[in-house]
Asks: 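Please read through the structure below; I'll follow up with questions.
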Amino acid sequence: MSLPRVGVYVRLAFTCKAMVNQSPWLQTLPRAVLAPAEQSAYRFRRQPAEGCLSTLEAVAEALLALEGARGPLLKESLLAPFREMVRLQVGFLPDATQDKNAPPEQRELPEFRAEDFFSADQEAAPPPASLCSRAPGDYCIVRWGQRRADGRDVIVVRCMHAPLDCVKRAAADLSAGQPHGRRCWVLTPGGVPAGARADLAQVRGG
């Protein structure tokens with residue numbers, strides 16, 4: 001399918017929901033369900049449920065699935081002007097500072113501030129000598145947040161003033177049984193990227 005025909009598919013997609021709802025025959029046909037890997041980028045319009053996409057994004061995902069090697073190019077050809085439209089529109093909407101389709105972690109967790117969890121006079125909890133051998137320091141145990149259209153956040157799940165080998169062991173314990181994308185690693189407070197979120201229930205408990 002060549003690029004000029006994409007517009008025809010988009011036009012049809014806008015009417016397909018009404019067609020299905022009004023046609024008992026169409027409702028009996030098998031349906032294919034898309035499983036997008038990211039949240040909708042339509043940030044100023046909330047989708048009805050997590051995983052839902054705008055019509056244009058759904059068409060882009062369908063092209064990715066159906067068009068083989070050309071799928072990624074076709075998807076990007078649709079989404080590039082869509083993202084630019086969203087960017088321009090947000091500038092005219094005073095209440096669009098927060099992405100309405102962002103994962104719950106991004107909407108609900110506060111931004112991480114190292115000074116809230118580390119102090120200059122903080123003392124390390126004395127670890128067993130047989131387990132930890134290095135001098136104590138300030139460290140953060142982090143994991144990835146949920147994937148979204150423009151990337152994903154780093155989530156700080158524990159702050160520790162302890163020897164590095166003890167912190168790494170704690171990170172390994174937190175990662176036990178977790179899938180690859182949810183495993184933890186260790187950063188210094190200064191290495192935590194700007195915009196990272198703090199899971200306070202875990203951070204303060206650590």
Asks: Donor-acceptor pair, distance only, cut-off 3.5 Å: does the side chain of E57 make one with the backbone of L79?
Replies: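 Between the backbone of L79 and the side chain of E57 there is no qualifying donor-acceptor contact (under 3.5 Å).
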
Asks: Applying side-chain contact (heavy atoms from CB on, under 4.5 Å), can you list everything that pairs with L29, at least two apart in sequence or on another chain?
Replies: W25, L26

Asks: If you compare all heavy atoms of C184 against all heavy atoms of V157, which two are closest, and at what distance to 0.1 Å?
Replies: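 Minimum heavy-atom separation between C184 and V157: SG-CG2, 4.1 Å.
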
Asks: Work out which heavy atom in A170 is nearest to a heavy atom in I141; give both atom names and the distance.
Replies: CB-CD1, 3.8 Å

Asks: Output all residues satisfying side-chain contact (heavy atoms from CB on, under 4.5 Å) with E111, sequence neighbours left out; order by chain, then residue number.
Replies: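 Per chain and number, E111 pairs via side-chain contact (heavy atoms from CB on, under 4.5 Å) with no residue.
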
Asks: Write out all pairs satisfying ring pair (Phe, Tyr, Trp, His ring centres under 6.0 Å) with one or both partners inside residues 63-86, taking only residues at least two apart or from two chains.
Replies: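 Residue pairs with at least one partner in residues 63-86: Y42-F82.
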
Asks: Return yes if some donor-acceptor pair links the side-chain N/O of S23 with the main-chain N/O of M19 below 3.5 Å, else return no.
Replies: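 Not at all, since once roles are kept as given, no pair shorter than 3.5 Å links the two residues.
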
Asks: Who are the side-chain contact (heavy atoms from CB on, under 4.5 Å) partners of A80, not counting sequence neighbours?
Replies: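 Scan of A80 (side-chain contact (heavy atoms from CB on, under 4.5 Å), adjacent residues dropped) gives E76, R83.
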
Asks: Mind checking the CG-CD spacing from L56 to E61? Nearest 0.5 Å is all I need.
Replies: 11.0 Å

Asks: Calculate, to the nearest 0.5 Å, the distance between atoms CG and CZ belonging to D153 and R143 respectively.
Replies: 10.5 Å

Asks: In chain order, what residues pass the ring pair (Phe, Tyr, Trp, His ring centres under 6.0 Å) check against Y139, with sequence neighbours excluded?
Replies: none

Asks: Tell me which donor-acceptor pairs under 3.5 Å the side chains of residues 187-194 have, and how far apart each pair is, sequence neighbours excluded?
Replies:
residue : atom : partner : partner atom : Å
T188    : OG1  : G191    : N            : 3.2

Asks: Between C140 and F117, does the side-chain contact (heavy atoms from CB on, under 4.5 Å) criterion hold? Intermediate values first, please.
Replies: CA-CA 10 Å; C140 299; F117 303 100; over 6 Å; no

